[in-house]
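Following: one structure in structure tokens, then a few remarks.
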Amino acid sequence: VQLQASGGGLVQPGGSLRLSCAASGFTLGDYAIGWFRQVPGGEREGIVCSRITSGSPSYSNSVRGRFTVSRDNAKNMVYLQMNNLKPEDTAIYYCAATRQRLILSQCRLEGSYDYWGQGTQVTVSS
């Protein structure tokens, strides 16, 4: 079971990036997916989750309205479209997966997830 996040890079404030999370060894459609980010010395922040049992993703206040998660089950991929990026979005971004049927309060908690990708760096700077 592996997850691989990609798509990070350097972008100017106000710009956009799309992160990808590729799964191998399992079917992503059967798993809840979370996106997390972490800055050096900081805690890992859960910013988005897409649960198995609910059609509506959950977003943190810091990204709601700017970030959108989507799935392509045929390709076994999950995407995070990030628009109107801000310098405070600079972090390493991780995707994570679990087969647990999470409730909303668990959905963006780091400890709820069993599998993690390696992270991709996003830097927002002029």
Side-chain angles (χ1 to χ4, degrees):
V1 173
Q2 283 191 323
L3 289 170
Q4 184 166 354
S6 61
L10 173 64
V11 63
Q12 292 187 342
S16 298
L17 280 175
R18 189 179 78 158
L19 304 184
S20 300
C21 179
S24 59
F26 66 101
T27 302
L28 267 179
D30 296 334
Y31 285 70
I33 301 298
W35 283 96
F36 293 77
R37 66 186 182 185
Q38 188 171 24
V39 298
E43 294 185 354
R44 196 167 290 188
E45 176 192 8
I47 55 172
V48 183
C49 72
S50 174
R51 292 181 289 159
I52 303 171
T53 55
S54 169
S56 299
S58 173
Y59 297 91
S60 68
N61 290 337
S62 58
V63 306
R64 187 177 295 116
R66 301 186 297 123
F67 290 13
T68 304
V69 66
S70 62
R71 296 177 181 250
D72 186 336
N73 289 336
K75 295 183 178 178
N76 221 26
M77 298 282 290
V78 177
Y79 303 101
L80 183 65
Q81 178 66 42
M82 307 187 296
N83 297 329
N84 190 22
L85 283 160
K86 305 175 181 180
E88 53 263 42
D89 294 318
T90 296
I92 299 174
Y93 283 69
Y94 301 88
C95 59
T98 180
R99 199 160 187 175
Q100 297 181 72
R101 293 186 177 273
L102 303 176
I103 60 176
L104 188 58
S105 61
Q106 299 171 315
C107 192
R108 287 187 279 109
L109 297 180
E110 182 178 2
S112 297
Y113 291 86
D114 304 306
Y115 307 106
W116 290 82
Q118 83 288 3
T120 184
Q121 175 71 47
V122 171
T123 302
V124 184
S125 175
S126 55

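For the residue pair Arg108 / Ser58, a side-chain donor-acceptor distance below 3.5 Å is found, with atom types taken as modelled. Looking only at atom types and distance, the side chain of Ser125 has no donor-acceptor partner in the side chain of Thr123 under 3.5 Å away.
Phe67 has its ring centre no less than 6.0 Å from the ring centre of Trp35.
Distance alone, capped at 3.5 Å, places no donor-acceptor pair between the Arg37 side chain and the Val122 backbone. Here the side chain of Arg99 pairs no donor or acceptor atom with the backbone of Asp114 at under 3.5 angstrom. The backbone N or O of Val69 sits less than 3.5 Å from a side-chain atom of Tyr59, completing a donor-acceptor pair.
With rounding to the nearest 0.5 angstrom, the OG1 atom of Thr98 is 10.5 Å from the CH2 atom of Trp116. One distance of note links CG of Leu102 with OH of Tyr31; it measures 12.5 Å at 0.5 Å rounding. Note that CZ of Arg66 and NZ of Lys86 are 4.5 Å apart. Values are rounded to the nearest 0.5 Å. The line from CZ of Arg51 to SG of Cys107 is 5.5 Å long, rounded to the nearest 0.5 Å. Between atom OH of residue Tyr94 and atom CG of residue Leu3 there is a gap of 13.5 Å, rounded to the nearest 0.5 Å.
Val39 and Thr90 make their closest contact through CG1-O, 3.2 Å (heavy atoms, listed as atom of the first residue, atom of the second, distance). Across all non-hydrogen atoms, the minimal contact from Asp72 to Tyr79 is CB-CE1, 3.9 Å. For the pair Ala97 and Ile33, the tightest heavy-atom approach, listed with the atom from each and the gap, is CB-CD1, 3.7 Å. Closest approach of Asp89 and Asn84 over heavy atoms only: OD2-O, 4.4 Å. The minimum heavy-atom distance linking Tyr113 with Cys49 is given by the pair OH-CB, 3.4 Å. Gly119 and Ile92 get closest at one heavy-atom pair: CA-CG2, 3.8 Å.
Residue Gln2 qualifies as open at atom CD: its count of foreign heavy atoms under 6.0 Å is 12 or below. Counting non-hydrogen atoms of other residues, nucleotides and ligands closer than 6.0 Å to CD of Glu43 gives a total of 12 or fewer.
Hydrophobic cluster membership differs between Phe36 and Leu28, with clusters built from Ile, Leu, Val, Met, Phe, Trp and Tyr side chains linked at under 4.5 angstrom.
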Report all side-chain donor-acceptor pairs from residues 4-23 shorter than 3.5 Å, counting only partners two or more places apart or in another chain.
residue: Ser16; atom: OG; partner: Asn83; partner atom: OD1; Å: 2.9

